[in-house]
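All residue numbers in this chain count up from 1 along the given sequence. All heavy atoms count here, side chains included; hydrogens, waters and symmetry mates do not.
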Amino acid sequence: MAQVINMPRLSDTMEEGVVAKWLKKVGDKIEEGDILAEIETDKATMEFESFYSGTLLHIGIEEGDGAPVDSLLAIIGEEGEDISSLLNGGGETEAKEEKAEESKSSGSGKEEETEEASGEIPEGVEVVSMPRLSDTMEEGTVASWLKKVGDKVEEGDILAEIETDKATMEFESFYSGTLLHVGIQEGESAPVDAVLAIIGPEGTDVDAVLKTVAGGGAKKEKSAGKETSEATSKTEETKESPEKGTSVSQDGGRIFASPLAKKMAEEKGIDLSKVKGSGENGRIVKRDIENYTPAAETAPAASASKEQAAPAAQAMPFVPAGEESSEEVKNSQMRKTIAKRLAESKFTAPHYYLTIEVNMDNAIASRGQINALPDTKVSFNDMVVKACAMALKKHPQVNTSWKGDTTLYNHHVHVGVAVAVEEGLVVPVVRFTDQMTLTQIGARVKELAGKARNKKLTPQEMEGSTFTVSNLGMFGIQEFTSIINQPNSAILSVGAIVQKPVVKDGQIVVGNTMKITLACDHRTVDGATGAQFLQTLQHYLENPVTMLA
C-alpha cells in the first residue's frame with residue numbers, strides 16, 4: 001500500500017519548509033533510513049530520511065519550492081501502483097491518519113494496524129512516544145516536565161522540554177485528555193520511540209495499556225478514539241475554571257498561551273491579557289514573556305494610581321524590547337547559477353594565490369597623457385586588461401583549461417571582465433584582447449558593462465573567456481582573492497591604487513602602489529609559472545610604454 005509523506009515539522013517553530021535538494025528521483029528504490037531530500041527550515045537545512053521502503057512514485061514539492069507543514073511531499077509504494085486516488089484527494093482520510101500517526105511518534109514510523117496483536121489499546125487513549133526532534137537524534141533526555149500525572153492536557157499544550165543532540169526543544173501534545181502516565185522522568189534519557197507518556201480519560205487502567213504496548217497491541221478504533229478524546233476534551237473545557245486551565249482576557253475571550261509562558265507570567269506577576277502573542281494564531285510563548293515590558297501595557301493599565309505605579313517603575317529593570325523580523329527572498333536563477341558554478345570551481349579546482357605590489361607612478365602619468373587627447377578615455381582597469389592579454393601570450397600555460405585527461409592550450413586571448421549587477425555578478429568577454437589598443441579595450445569594456453547593467457548581454461557575449469580580471473579597487477579594496485571562473489586556469493584580483501611611503505634610490509618618498517593577486521588552478525599552473533606571469537604583468541604596468549611597442 002502506498003504511503004503518503006507530508007512536509008515534516010523539523011523544528012519547533014517551523015511552519016513551512018523549502019525543498020533545497022532531492023537526493024532521490026521518481027522511480028528510485030527507497031530503503032527505510034535513506035535520505036530523501038534536504039529540507040530548509042526556518043533554522044537550518046536538514047536531511048529528511050524515509051521511514052518506509054518501496055519505490056518513489058511521486059514528488060509533490062519540486063526543488064526550490066516551499067510549502068506549509070503537512071503538505072504532500074512525496075508518495076512511496078510498490079512499483080506500478082495506482083496512486084491517482086491519493087493525488088486526487090481520494091486518499092485524504094488515510095493521509096490524515098498517517099499524519100496523526102507520524103505527528104504522534106515524530107517520524108518514528110510506528111505502525112498501529114496489526115490486528116493480530118496481543119491486545120488492544122482502549123478507545124480515547126493515546127500513547128506518546130519519545131519524538132525524533134532532529135534528523136540525527138537517536139535518543140532524548142527529558143529536561144523538565146511541564147505537566148504532571150493527573151493534569152488536564154489540551155491539544156497544543158507543551159508537555160515537556162526535551163534535550164536532543166542539537167538543542168533543548170519544547171514538545172507539545174497532539175492530543176487532549178488527562179496525563180495518565182509519565183514514562184521517562186526528568187533528567188532521564190531514552191531512545192526514540194520509547195514510551196514518553198500516556199494521555200486518555202481518567203480512570204483508565206494504565207498497567208493494562210503498558211502491557212498492550214509492550215505486546216505490540218494496536219488501537220481498537222482510531223477514528224472513534226479520536227472523536228471520544230475530542231468530546232472528552234470539550235466537556236472538560238466547559239467544566240474547567242479559568243484559574244485552573246485556560247486564561248481569560250478582560251473581555252471574556254480566551255487567551256492562548258503555552259504552559260511554560262503561563263508559569264513564567266505567574267512568577268513575574270505579568271497579566272497575560274496584556275501580552276501580545278507571537279506564536280501560531282497569536283499564541284503566547286516563552287519569548288513573549290521574556291520580551292514583555294510594562295511599556296506594552298494598554299491604556300487601562302496606565303490609568304493605575306501614581307502611588308502604585310511609581311514603586312513598580314523603579315523596581316522594574318530596563319529590558320530592551322524590539323520586534324524580531326526577517327524576510328525570505330526567493331533566489332533568482334542568476335543567483336542560483338552563480339552559487340552553483342562558484343561552488344563547483346572552489347571545491348574542484350585546487351586554488352592557490354600569489355600577490356605582488358606594483359608601482360603605478362608611470363601608469364598614472366601615462367594615463368594622464370592618453371586622456372589628454374581628444375575623444376579618448378582610458379581607465380586603469382583597461383591598462384590592466386591590456387597588460388594581462390600581452391602577458392598571456394608570453395605565458396601560454398596560464399591561458400589554459402583543465403580537461404581531465406588533457407589540458408587545453410588556447411592560442412587566442414579572450415579576457416573576461418567581472419561586472420557587478422543588482423542580481424549578482426556577470427563576466428562579459430572582450431574577444432582577441434591582445435590585438436586591441438587601449439582605447440579599443442576601454443570602449444568595448446564600457447559597452448559590455450552598460451549592457452550587463454541593463455540586462456542586454458547575450459549568451460555569446462558571456463562565453464569563451466580564457467582568463468578573467470576582477471577589479472574592486474574602485475570600492476577602496478586594497479587586496480582580495482577571487483574564485484576562478486572555470487574553465488579558466490586563473491583569475492586576477494585588482495586592488496585600489498594607494499599613496500604610501502616607498503623607497504626609491506635609497507630615499508623614502510611618496511609613491512602610488514597597487515596590489516594584484518593571481519588565483520591559479522594548481523592542476524594546470526605551477527607556482528613558478530604563476531610567479532613569472534605576475535613578473536611580466538608587473539613590468540608592463542610599471543612601464544606602460546612597452547604595451548604600445
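- Scored by the salt bridge (charged side-chain N to carboxylate O under 4.0 Å, His left out) test, Asp521 finds Arg523 as partners (sequence neighbours excluded).
- Between Lys276 and Asp288, no side-chain nitrogen of the basic residue sits less than 4.0 Å from a carboxylate oxygen of the acidic one, so the salt-bridge criterion is not met.
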Please report, to 0.1 Å, the donor-acceptor pairs under 3.5 Å made by any side chain of residues 484-494, with sequence neighbours excluded.
| from | atom 1 | to | atom 2 | distance (Å) |
| --- | --- | --- | --- | --- |
| Asn485 | ND2 | Thr468 | OG1 | 3.4 |
| Gln486 | NE2 | Thr348 | OG1 | 3.4 |
| Asn488 | OD1 | Ser465 | OG | 3.3 |
| Asn488 | OD1 | Phe467 | N | 3.4 |
| Asn488 | OD1 | Thr468 | OG1 | 2.7 |
| Asn488 | ND2 | Ser465 | O | 2.7 |
| Asn488 | ND2 | Ser465 | OG | 3.3 |
| Ser489 | OG | Thr400 | O | 2.8 |
| Ser489 | OG | Thr400 | OG1 | 3.0 |
| Ser489 | OG | Thr524 | OG1 | 2.8 |
| Ser493 | OG | Ser482 | N | 3.3 |
| Ser493 | OG | Ser482 | OG | 2.7 |

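- In terms of modelled atom types and a separation under 3.5 Å, the side chain of Gln3 and the main chain of Gly77 share no donor-acceptor contact.
- Panel note: side chain Asp361, backbone Asn512; a donor-acceptor pair is recorded below 3.5 Å.
- Contact between Ile61 and Ser71 at its shortest, heavy atoms only, is CD1-CB, 4.4 Å.
- Here the side chain of Thr407 pairs no donor or acceptor atom with the backbone of Lys403 at under 3.5 angstrom.
- Rounding to the nearest 0.5 Å places CG of Asn454 at 7.0 Å from NZ of Lys456.
- When the side chain to side chain donor-acceptor pair (under 3.5 Å) test is applied to Lys29, the partners found at least two apart in sequence or on another chain are Thr55, Glu79.
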**OP:** Let me see the working for Asn543 and Thr546 under side-chain hydrogen bond (donor to acceptor under 3.5 Å, both in side chains), right down to the final yes or no.
**Re:** CA-CA 6 Å; Asn543 303 280; Thr546 58; 5.8 Å; no
Please list every donor-acceptor pair under 3.5 Å in which a side-chain atom of residues 473-481 meets a protein atom from a residue at least two apart or in another chain.
| from | atom 1 | to | atom 2 | distance (Å) |
| --- | --- | --- | --- | --- |
| Glu479 | OE1 | Lys515 | NZ | 3.4 |

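- Remark: Lys25 engages Asp28 in a salt bridge (charged side-chain N to carboxylate O under 4.0 Å, His left out) (not counting sequence neighbours).
- Residues Val19 and Leu73 approach most closely at CG2-CD1, 3.9 Å, considering heavy atoms.
- We find that Arg444 and Glu447 are joined by a salt bridge, their nearest charged nitrogen and carboxylate oxygen being less than 4.0 Å apart.
- No donor-acceptor distance shorter than 3.5 angstrom exists from the side chain of Ser345 to the backbone of Ala343, with no hydrogens or angles considered.
- Every residue two or more places apart in sequence or in another chain that forms a side chain to side chain contact (heavy atoms under 4.5 Å, CB included) with Glu62 is listed here: Ile59, Asp65.
- In this structure, the separation between CE on Met547 and CE on Met390 is 7.5 Å, given to the nearest 0.5 Å.
- The closest donor-acceptor contact from the side chain of Glu81 to the backbone of Glu78 lies under 3.5 Å.
- Shown here is Glu324, whose CD atom has no more than 12 heavy atoms of other residues, nucleotides or ligands within 6.0 Å.
- Looking at residues two or more places apart in sequence or on another chain, you find no side chain to side chain donor-acceptor pair (under 3.5 Å) involving Asn410.
- Counting non-hydrogen atoms of other residues, nucleotides and ligands closer than 6.0 Å to NZ of Lys394 gives a total of 12 or fewer.
- Under the ring-ring contact (aromatic ring centres under 6.0 Å, His included) criterion, the residue pairs touching residues 489-523 are Tyr352-His522, with sequence neighbours excluded.
- Counting only residues at least two apart or in different chains, ring-ring contact (aromatic ring centres under 6.0 Å, His included) contacts with residues 360-416 comprise His412-His414, His414-Phe432.
- Using a 4.5 Å heavy-atom cutoff, the side chains of Arg453 and Val419 are in contact.
- The aromatic rings of Tyr353 and His351 sit tilted relative to each other, their planes meeting at an angle between 30° and 60°.
- The distance from the CG atom of Leu56 to the NZ atom of Lys24 is 9.0 Å, given to the nearest 0.5 Å.
- With a 6.0 Å radius and a threshold of 12 heavy atoms from other residues, nucleotides or ligands, Ile508 has its CD1 atom at or below the threshold.
- In this structure, CG on Leu438 lies 5.5 Å from CD1 on Ile370, to the nearest 0.5 angstrom.
- Between the side chain of Thr529 and the backbone N or O of Val525 there is no donor-acceptor pair closer than 3.5 Å.
- With sequence neighbours left out, Asp82 forms a salt bridge (charged side-chain N to carboxylate O under 4.0 Å, His left out) with no residue at all.
- No donor-acceptor distance shorter than 3.5 angstrom exists from the side chain of Asn359 to the backbone of Glu542, with no hydrogens or angles considered.
- Looking only at distances, a side-chain donor or acceptor of Asn371 sits under 3.5 Å from a matching main-chain atom of Val378.
- When each of Leu518, Thr517, Leu534 is checked for a side chain to side chain contact (heavy atoms under 4.5 Å, CB included) with Ile356, only Leu534 meets the rule.
- Here the straight-line distance linking atom CE of Met436 with atom CG of Asp382 works out to 9.5 Å at 0.5 Å rounding.
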**OP:** Test side-chain hydrogen bond (donor to acceptor under 3.5 Å, both in side chains) on Ser50 and Asp34 and set out the steps.
**Re:** CA-CA 6 Å; Ser50 172; Asp34 283 356; over 6 Å; no
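- Heavy-atom minimum distance, Ala391 versus Tyr540: N-CE1, 3.9 Å.
- Applying the salt bridge (charged side-chain N to carboxylate O under 4.0 Å, His left out) rule to Lys500 yields the partners Glu357; only residues at least two apart in sequence or on another chain are considered.
- Annotation: side chain to side chain donor-acceptor pair (under 3.5 Å) contacts of Thr439 (sequence neighbours excluded): Thr437.
- When side chains are defined from C-beta on, Asn381 counts as touching Val417, because their heavy atoms get closer than 4.5 Å.
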